[in-house]
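Okay, so here's the structure we're looking at.
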Number of protein chains: 2
Amino acid sequence: MQMFSKACEYGIKAAIYIAVNSSENKRVSPKEISEKIDSPQAFTAKILQALVRHNIIISVRGAYGGFEIDKTKIETTKLSQIVYAIDGDSIYNGCGLGLHTCDENHPCPVHDKFKLVREELRDMLDNTTLERLALEIKSGVSFLKT
Amino acid sequence: MQMFSKACEYGIKAAIYIAVNSSENKRVSPKEISEKIDSPQAFTAKILQALVRHNIIISVRGAYGGFEIDKTKIETTKLSQIVYAIDGDSIYNGCGLGLHTCDENHPCPVHDKFKLVREELRDMLDNTTLERLALEIKSGVSFLKT
DNA sequence: TATAAATAGGATAGATTTGTCCGAAATAAA
DNA sequence: TTTATTTCGGACAAATCTATCCTATTTATA
Ligand code: FES
Ligand code: FES
């Protein structure tokens, strides 16, 4: 079960790391980020660009630049927004067995159960904020690598 | 969210189609299967071989051959066995954010929630038999394509 | 204005997954 | 025993995902 793509994994962890630092008014570089979340640097930079385009994080070009996230956005940004920016809406639509449409009136054999699991995942993504995840990292309750 | 690989999707649907037919004492060919479940024929044949190697279905070579499944096995085979035969145990282990190990004492930021979703998926796979899925197809409650 | 530092973005390479092709091996029936 | 049929299995091809490299562009500071 590949819940998220690699790109999405890196994006989530990078966003959390940026949130942790922005809460302390520190801008961070792709180099630092990829070291701290254990991800390939150039690939991570690409993913950061996507998060910038979706207005989840802010990039500052030029000397003394880097990535940061608006403090108010740390509180409001949900995991679902990050996943959407990178993987699109594939979480919400699509049949678990690849039928052309996931439809109550024309369900595949695992539709009912699959839908439950997916709903739970959706709730999880919709109800988890960057703020909470960043706090858990700061307090040492959870970790971004190893 | 790619819950199952394409190979796994095809494998599940193929196994159900074979079960439906074996319950009526009909052997089926990869050609017929792939038409009925809307999957690429040669690729599907490869996946069927994996199911044969894992003793989930039986293949009969030569003229009048094809694939079938032991009637007693229709009742006992669980979805989890099919998934395991094709995708391995990736459903049960591995961190949702790619940490080297998924560990209660060193959890990633989404560990608790992720674990819940995964447990639910695991229960679903462990408690769903081929028999029930085949019956739902026969009764027209669910569908294998479109 | 010149320079150094940093992100943006296109081109490309590697890895994995998905999919195809074809000959070999097996089997039932004529 | 021959033939037609069918799965098996290896080689190969295409598509997608992951990852790297290099140059352009932007910006702060001297
Ligand atoms: S139709 Fe397959 S998951 Fe809904
Ligand atoms: S450590 Fe990430 S899911 Fe368990």
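Predicted model only: the values in this text are computed from it and were never measured.
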Can you list the residues that meet the salt bridge (Lys or Arg N to Asp or Glu O under 4.0 Å) rule with [X], with sequence neighbours excluded?
X        : result
B/Glu75  : none
B/Lys78  : none
B/Glu119 : B/Arg122

Validation: residues 137-146 of chain B side-chain donor-acceptor distances under 3.5 Å, sequence neighbours left out:
from: B/Lys138; atom 1: NZ; to: B/Ser23; atom 2: OG; distance (Å): 2.6
from: B/Ser139; atom 1: OG; to: B/Leu135; atom 2: O; distance (Å): 3.1
from: B/Ser139; atom 1: OG; to: B/Glu136; atom 2: O; distance (Å): 3.2
from: B/Lys145; atom 1: NZ; to: B/Glu35; atom 2: O; distance (Å): 3.2

**Request:** Within residues 11-42 of chain B, find the residues that approach DNA chain D with a heavy atom at under 4.0 Å, and present them sorted by residue number.
**Result:**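 Close to the strand are B/Ser29, B/Pro30.
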
**Message:** So if I take residues 49-72 of chain B and measure heavy-atom distances to DNA chain D, which residues fall below 4.0 Å?
**Reply:**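 Result for residues 49-72 of chain B: B/Gln49, B/Arg53, B/Ser59, B/Val60, B/Arg61, B/Gly62, B/Ala63, B/Tyr64, B/Gly65, B/Gly66, B/Phe67, sorted by number.
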
Euclidean distance, atom [atom1] of residue [X] to atom [atom2] of [N] [Å, nearest integer]:
X       : N      : atom1 : atom2 : answer
B/Ile47 : D/dG9  : CD1   : P     : 15 Å
B/Leu48 : D/dT7  : CG    : P     : 9 Å
B/Phe43 : D/dA14 : CZ    : P     : 16 Å
B/Lys46 : D/dT6  : NZ    : P     : 18 Å

**Request:** With sequence neighbours left out, write down each residue that passes ring-ring contact (aromatic ring centres under 6.0 Å, His included) with B/Tyr10, or none if nothing qualifies.
**Result:**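 Only B/Phe43 meet the ring-ring contact (aromatic ring centres under 6.0 Å, His included) criterion with B/Tyr10.
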
**Message:** If the condition is ring-ring contact (aromatic ring centres under 6.0 Å, His included), which residues does A/Tyr17 pass it with, not counting sequence neighbours?
**Reply:**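 Counting only residues at least two positions away or on another chain, A/Tyr17 forms no ring-ring contact (aromatic ring centres under 6.0 Å, His included).
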
**Span of DNA chain C, from the first to the last nucleotide whose atoms fall under 4.0 Å of chain A heavy atoms** =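 Under 4.0 Å from chain A, the extent on DNA chain C is C/dA5 to C/dA11.
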
**Request:** Mind checking side chain to side chain contact (heavy atoms under 4.5 Å, CB included) for A/Ser5 and listing every partner two or more places apart, or none if nothing turns up?
**Result:**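 Side chain to side chain contact (heavy atoms under 4.5 Å, CB included) check on A/Ser5 returns A/Ala7, A/Cys8, A/Asp87.
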
**Message:** Which residues pass the side chain to side chain contact (heavy atoms under 4.5 Å, CB included) test with A/Ala134, not counting sequence neighbours?
**Reply:**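 Once residues adjacent in sequence are excluded, the partners of A/Ala134 under the side chain to side chain contact (heavy atoms under 4.5 Å, CB included) criterion are A/Ala19, A/Val20.
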
Result block: side-chain N/O donor-acceptor pairs under 3.5 angstrom for residues 61-69 of chain B, not counting sequence neighbours:
from: B/Glu68; atom 1: OE1; to: B/Arg27; atom 2: NE; distance (Å): 2.8

**Request:** With rounding to the nearest 0.5 Å, note down the distance linking CD1 in B/Ile47 to CD1 in B/Ile57.
**Result:**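 One gets 10.5 Å once the value is rounded to the nearest 0.5 Å.
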
